Amino acid sequence: MNTKNEQLQNVVEYSETMLKNAQAGNWDSVIDIEVQRGELLKNLFSGSPQNNNVAEMDAEIRKIISINEKLEAITMNAREDARNDLASANKGRHAVDLYAQNSA
């Protein structure tokens with residue numbers, strides 16, 4: 001079985017992969033990896049604490065937090081882009097509806 005430190009390193013790797021996929025706009029991959037990462041985190045922090053290298057774990061957790069902040073920023077930008085695209089589509093649809101009403 002993996003040690004807590006190995007599991008934590010796997011979480012960092014999942015997080016980095018999620019970030020790369022988010023940067024590339026591969027949102028399905030981000031979601032799939034998040035499910036796997038979530039399970040790993042759940043297992044990692046369940047049960048009784050063991051004697052681990054706290055300083056090493058702290059550093060890895062800080063990496064994960066930093067990556068998550070970057071992921072959150074990318075996600076917020078993508079959400080805003082999608083919202084703007086939807087608003088533009090709605091304006092276009094409204095213009096077509098008005099044209100159709102006035103040309104009949």
Side-chain angles (χ1 to χ4, degrees):
M1 181 181 245
N2 289 345
T3 67
K4 295 277 185 181
N5 288 338
E6 289 172 332
Q7 291 176 357
L8 195 54
Q9 183 57 44
N10 288 338
V11 171
V12 171
E13 291 173 8
Y14 278 137
S15 299
E16 289 170 342
T17 302
M18 288 172 59
L19 180 59
K20 288 176 186 172
N21 279 291
Q23 290 168 331
N26 298 328
W27 296 108
D28 289 338
S29 295
V30 172
I31 293 167
D32 292 341
I33 296 166
E34 171 55 23
V35 170
Q36 297 170 352
R37 184 181 79 154
E39 285 297 315
L40 188 54
L41 282 166
K42 182 179 163 185
N43 292 334
L44 180 65
F45 292 107
S46 67
S48 62
Q50 299 176 355
N51 293 330
N52 291 308
N53 182 342
V54 176
E56 183 178 326
M57 289 187 74
D58 181 63
E60 296 302 305
I61 290 171
R62 289 182 189 278
K63 281 183 193 174
I64 294 167
I65 291 169
S66 175
I67 294 167
N68 281 348
E69 289 170 348
K70 292 174 186 173
L71 271 166
E72 186 175 330
I74 291 169
T75 301
M76 300 271 294
N77 287 337
R79 184 182 308 153
E80 188 62 30
D81 289 346
R83 186 176 294 133
N84 290 338
D85 289 347
L86 182 59
S88 293
N90 285 336
K91 284 180 184 177
R93 187 174 351 179
H94 182 69
V96 169
D97 289 344
L98 288 175
Y99 177 77
Q101 288 174 2
N102 290 325
S103 65

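The structure displayed is predicted, hence computed values, not measured ones.
Of the inter-residue distances, the one linking Ile65 atom CD1 with Arg62 atom CZ reads 7.0 Å to the nearest 0.5 angstrom. Here Glu60 contributes atom CD and Lys4 contributes atom NZ; the two are 15.0 Å apart, rounded to the nearest 0.5 Å. The CD1 atom of Ile61 lies 7.5 Å from the CG atom of Leu44; values are rounded to the nearest 0.5 Å. The distance from the CD atom of Glu13 to the CG atom of Leu8 is 10.5 Å, given to the nearest 0.5 Å. The CD atom of Glu16 sits 12.5 Å away from the CG atom of Asn21 when rounded to the nearest 0.5 Å. The CD atom of Glu72 lies 8.5 Å from the CZ atom of Arg79; values are rounded to the nearest 0.5 Å.
Open room surrounds NZ on Lys70; 12 or fewer heavy atoms of other groups in view lie less than 6.0 Å from it. Within 6.0 Å of atom CD in Gln23, more than 12 heavy atoms from other residues, nucleotides or ligands are found, so the atom counts as buried in its surroundings.
No continuous path of ILVMFWY side-chain contacts below 4.5 Å connects Leu71 to Ile31, so the two sit in separate hydrophobic clusters.
Closest non-hydrogen pair, Ile67 versus Val12, comes out as CD1-O, 4.2 Å. Between Ile64 and Ser15, the shortest heavy-atom distance links the atoms CG2-OG, 4.0 Å. Nearest heavy atom pair, residue Ala22 against residue Ile74, reads O-CG2, 3.7 Å.
With respect to Arg37, the side-chain contact (heavy atoms from CB on, under 4.5 Å) criterion is satisfied by exactly one of Leu41, Leu40, Val35: Leu41.
The side-chain heavy atoms of Gln9 and Asn5, taken from C-beta on, include no pair separated by under 4.5 Å.
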